[in-house]
Colleague: 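First the structure, then my questions, so here it is.
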Number of protein chains: 2
Amino acid sequence: MPSRIAPPTLRGGPVQPSTGALQALGPDEVSLTGGFWREKQELNSEVILGHCERWMERIGWIGNFDRAALGTLGTDHSGIEFVDSEVYKLLEALAWELGRKPDDALESRYRTLVARVEAAQEPDGYLHTSFGRAGQPRRYSNLEWGHELYCFGHLIQAAVARLRSGCDDELVQVARRLADHVYTEFGPDGRDAVCGHPEIEVALVEFSRATGDARYLELAGIFVERRGRGLLKADRFGAEYFLDDLPVRDATVLRGHAVRALYLASGALDVAVETGDVALAGAVATQWENTVARRTYITGGVGSHHLDEAFGEDYELPPDRAYAETCAGIASVMLSWRLLLQTGDAQYADLIERTLLNNILASPREDGRAFYYTNTLHQRVDGTVPEEDEISVRAQSSLRAPWFEVSCCPTNIARTLASVNLYFATKTGTGVQLHQYGDYDVSTRIETGSISLGVRTGYPFDGAVSVLIREAPDAAASVSFRIPAWAVGRAVVHVNGIPVPGSGATITVSRVFRAGDEMTLHLPMTPRLTRPHPSIDAVRGTVAVERGPLVMCLESTDLPDGRALAGILLDDGADLTETARGVRAHLVSTGIPKPDWPYSDGAWAGTGNVGYDVELIPYCAWANRGPSTMRVWLPVALPGRGTARA
Amino acid sequence: MPSRIAPPTLRGGPVQPSTGALQALGPDEVSLTGGFWREKQELNSEVILGHCERWMERIGWIGNFDRAALGTLGTDHSGIEFVDSEVYKLLEALAWELGRKPDDALESRYRTLVARVEAAQEPDGYLHTSFGRAGQPRRYSNLEWGHELYCFGHLIQAAVARLRSGCDDELVQVARRLADHVYTEFGPDGRDAVCGHPEIEVALVEFSRATGDARYLELAGIFVERRGRGLLKADRFGAEYFLDDLPVRDATVLRGHAVRALYLASGALDVAVETGDVALAGAVATQWENTVARRTYITGGVGSHHLDEAFGEDYELPPDRAYAETCAGIASVMLSWRLLLQTGDAQYADLIERTLLNNILASPREDGRAFYYTNTLHQRVDGTVPEEDEISVRAQSSLRAPWFEVSCCPTNIARTLASVNLYFATKTGTGVQLHQYGDYDVSTRIETGSISLGVRTGYPFDGAVSVLIREAPDAAASVSFRIPAWAVGRAVVHVNGIPVPGSGATITVSRVFRAGDEMTLHLPMTPRLTRPHPSIDAVRGTVAVERGPLVMCLESTDLPDGRALAGILLDDGADLTETARGVRAHLVSTGIPKPDWPYSDGAWAGTGNVGYDVELIPYCAWANRGPSTMRVWLPVALPGRGTARA
């Protein structure tokens, strides 16, 4: 049975607010055509999607739905409570993938999976494989940790992806029945409760936008307002972990569990935008600002604590114990994207770029068959290689693992890469905005007609970007370029060879475009030293190297034979030079003393300093050549000699 | 019924090896008479012991035994699985306390508690309130996390304390029946298994020493040898957490869960000493050396990870995320004490002093009614005051909590303070060794007769120590003084006003002493700056201040009005001067920039530097004056100015 085709107005990207500075484009409007990002999207298409599906078949996470439908599921549920959500994130990824590039074989796989999920839905709309059956906990008996509404949210998000791709199919009907059930159970006449893990909020607003059903928006608003009032039982990690310590509108910085915090903030902003709640939107913007200023790694990663996967305090950003969970990076992009659509402010696109390139892309291995759950900025020991057919715990290895007990990251990568093209450009009534750079085409309609253009570049390794207009309205229109913060004041745009004035974070070309018009953007890509704020104690006395949008790292694999990261200093007076994809830097290896007691009332000094050049590689590419150690932050000075005893 | 009096040969301190360089003294041989340490021991006697007992009555942990005896205990067990051990640690504390200072009322409380425990023992000797009853897990069904043998170990340790105090009572009989049961279940003809949490090993060797039953030593040896062979199911934290990745004799550094690692190493050394296993003893000594050199905080605390309460990698010693669990400090003292008795090497007494003063004593609040579980070296935010009548999770607050869900630390403090006098001095056949300084008396017998002396000092605040001989054999004898590492080469000993030669880590006075002989030791207590090894990334560019054996800290409470720890630098060129118990230092407050993005390609600079003097206080005394922030490691330099955006 063919999918019903959704009305064209439903089409669009992830997040389609009814109002805002910018409008998202749909999967039929912006497509990657080659280069760096196309490679990543094809890796997802050809490897990661199948990897996720095979793993979830093999270990019974998809089979849970079949057994639920057959009535044979009970205490023998496969996996932890919320593995349903991984199946839904895969469905979302498949939906975006099909929207981007229709494919009969993939469509058939998608439909089969939807049918298996649908078969498990109960008559009243409830759909979860871990609750409510004989031998299982009762429905909604463990809102703190059971993740029921979280799973529902991911199913609904998958349905939204399907609608935005132009298909109104069975999954959408499943989501409607489920969302209606949630409205009955938790709506104005339902129980006064929230889910321990936010996600339903953002899903309900998006579903409301995509279906036009106002009840879903109403319910999302209710969940946002209920939170922060102690409805959840705060146990070992306290109420802050659940974001249940403070109403969203009263918080000034993101805190607690990083993924929970960012999903909630995204949902809260969606509610605020749709309801015109300026105070709530302002609170979320303030939280973003303070979090970026004080609680974000240079990679864009967030979350300083392994124990509770939480944000740390202000400036608590240890590189070696960075949690910087892949899912938190994805959640950060979700929030920044919403703020970008709302305001048009380039700073949000800046953080999206930083986080995509330096946190999220660090997760998948080059071959797409293993993933980092956490993304450390300093690896001290080689560690061990996870088995390719074993399920890992989430943060045990220095190398990527094929699958995890809590395997939220691989499927989150899958849905993000399947839709990453949608973050590259937006439109307004009068023009197109280019936020990210790569090889991609845009074809859309603005108020005065159709506009079509092609962007080509060797970015993120090269700073030259060209834009060719293929079609344009016969009226003034604009094309604007985001200028990354590190390039502001030094970036140059030309139209047909003529410089365009502008030195801010956005340079806009406004004119009556003709097919064949060419624009170029030049971004200065010279490698640069970056120094951390003095309040970040954990990296005092170190520098990082950045090249354009990429954070570099020193991986032990690239050291001359016999050298190790211990005792290495960066010579910050020497020039940094570009290589094909990296940066050549001058290092000094010092023979570090090995005393009985590592605290001295004298000074410490290395012995036998040796200088040499080494190539730093993009951080996102590390750990693809076997076990290694790695640093992003490189020490620049070593104090003198000493001896001591305990 | 009076306790049977144990033979005098059984009397002694914690750890009574059959061979070794030094012999421990018993509670009747060394007693604190006043000053700093006597205050701590009296706080324990008058407040902490009662605090622990009241809490465990109130929340049913002692009541578990009553209900077990009545047969009414089942799924409604109070507290987590291993709360029996807290009752046993309290019993051990009471035993030492009674050995130190007999008291009818306390004896009666002790006996009542023993009777309640004894009543719960099963006919086959098994004794645990969490396993084996209807509704409870089966005995030994969860060796990884159930802590059954761990609890048994603490009961046995309590019995050892009773025997060493000269009493062979009901508790000892309970322990015999229990140890015999364990021998049957886990001995040469029993199951091939170990407990997830070591403790039984050290207890069995000590019980073997105290009872003369060689089977207990044999069983301890079996447990030590079985470990590291994958008998435990390694789940989320891996085999290293349990020390089950590598046999004890093959490890070169302590790793995994810090308390587990140190209890195991202590038990392994006990086995090695009793069996003459030089290789095993050597392995433990190497582990101690490497751990002290690379995995120990300046406070003596160990454990860098909150997630798994584990040692970090070499030089991974973040001050702000220091776990440095109180129990790990106590376990470290247990191991160092054993190595000191074995070798007589002053370095072990040095670490005992450092850890007692700067890690363990930081745990109890001045009033003895609240405790730190973890002992951070850097507190960033004021945090909240725990309720005085609520059970805390273990690491949630910046202020000490009265009790914890896992409340291992308060009772461990109790048993340590009740016996801390026993760590001050030892004897050999020919003399007495003074390892720690305070006001205390020693009366013991050496080969040539009785020797009695009194030590008096204002230490740890003052470096003048005087020793008065009260009685001495009519033959040559020796009194030796440990010279702390920071004083080696600068300490001076006099006998009756005449200087004694010696400049090493021990200065020994050998002569025919007469009653009335006076010795003095002068330790140089000038405050000093201490610089961390360059491999400790987390404190690069900072210094600590030490004064004698005390690590100092800067607590926000001591800052002038309106100043905060953010942006503070220590002027390391200015003089440090002594105050009554602290150190006056010169600080510079800088106005730190607050950028939108905390990474810059320019330099950072503070504005409006203001210099002023502030008193640093002993770290162990911090957080006794309400919520505050605190640093041990003080930055000494701040780089220049910059601005940036994400």
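As the structure is a computational prediction, the values presented were derived from the model and not from experiment. Note on naming: letters A, B, ... go to the chains in the order of the sequence lines (proteins, then strands), and numbering restarts at 1 for each one.
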Colleague: Please report the closest heavy-atom contact between A:R380 and B:D314, naming both atoms and the distance.
Modeller: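 Looking at all heavy atoms of both residues, the closest pair is NH1-O, 3.8 Å.
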Colleague: Just do the side chain to side chain contact (heavy atoms under 4.5 Å, CB included) check on A:T530 and B:S600 with the steps written out, would you?
Modeller: CA-CA 5 Å; A:T530 301; B:S600 166; 5.8 Å; no
Colleague: Looking at B:E313, B:E353, B:E546, which one has more heavy-atom pairs under 4.5 Å with chain A than the rest?
Modeller: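 Heavy-atom pair counts peak at B:E313.
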Colleague: Tell me, do B:D596 and A:E289 make a side-chain contact under 4.5 Å, heavy atoms counted?
Modeller: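 Heavy-atom side-chain distance check fails, nothing below 4.5 Å.
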Colleague: Main chain of A:P593, side chain of B:H533: is a donor-acceptor contact present, judged purely on distance under 3.5 Å?
Modeller: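 Yes; judged by distance alone, with no hydrogens or angles, the pair exists.
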Colleague: Check each atom of B:D320 against the heavy atoms of chain A and say whether the ones under 4.5 Å are side chain, backbone, both or neither.
Modeller: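 For B:D320, side-chain heavy atoms alone lie under 4.5 Å from chain A.
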Colleague: Aromatic contact between A:Y599 and B:W633, with the criterion being ring centroids under 6.0 Å apart: yes or no?
Modeller: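 Yes; B:W633 has its ring centre under 6.0 Å from that of A:Y599.
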Colleague: Quick one: of A:R321, A:R528, A:R294, who has the most non-hydrogen atom pairs under 4.5 Å with chain B?
Modeller: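 Of the candidates given, the most pairs with chain B belong to A:R321.
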Colleague: Check whether A:A538 gets within reach of chain B through its side chain, its backbone, both or neither, counting any heavy atom under 4.5 Å.
Modeller: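 For A:A538, backbone heavy atoms alone lie under 4.5 Å from chain B.
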Colleague: Shortest non-hydrogen contact from A:P595 to B:A293?
Modeller: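 Closest approach of A:P595 to B:A293: O-CB, 3.4 Å.
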Colleague: With the side chain counted from C-beta on, respond yes when A:W597 and B:V292 share a heavy-atom pair under 4.5 Å apart, and no when they do not.
Modeller: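 Answer yes - side chains close enough.
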Colleague: Heavy-atom cut-off 4.5 Å, strictly under: side chain, backbone, both or neither for B:N290 against chain A?
Modeller: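 Nothing of B:N290, per the 4.5 Å heavy-atom cut-off to chain A.
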Colleague: After noting the C-alpha distance and the side-chain angles of A:R631 and B:D537, does the key distance pass the side chain to side chain contact (heavy atoms under 4.5 Å, CB included) rule?
Modeller: CA-CA 11 Å; A:R631 297 188 71 120; B:D537 290 296; 2.8 Å; yes
Colleague: Taking side chain as everything from C-beta outward and backbone as N, CA, C, O, which of these in A:I536 sits under 4.5 Å from a heavy atom of chain B? Side chain, backbone, both or neither.
Modeller: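 The answer is the side chain of A:I536.
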Colleague: Could you tell me which portion of A:R295 (side chain, backbone, both or neither) has an atom closer than 4.5 angstrom to a non-hydrogen atom of chain B?
Modeller: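 Nothing of A:R295, per the 4.5 Å heavy-atom cut-off to chain B.
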Colleague: Return the minimal non-hydrogen interatomic distance between A:R540 and B:P635, and the atom names on each side.
Modeller: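 In terms of heavy atoms, the two residues are closest at NH2-CG, 3.4 Å.
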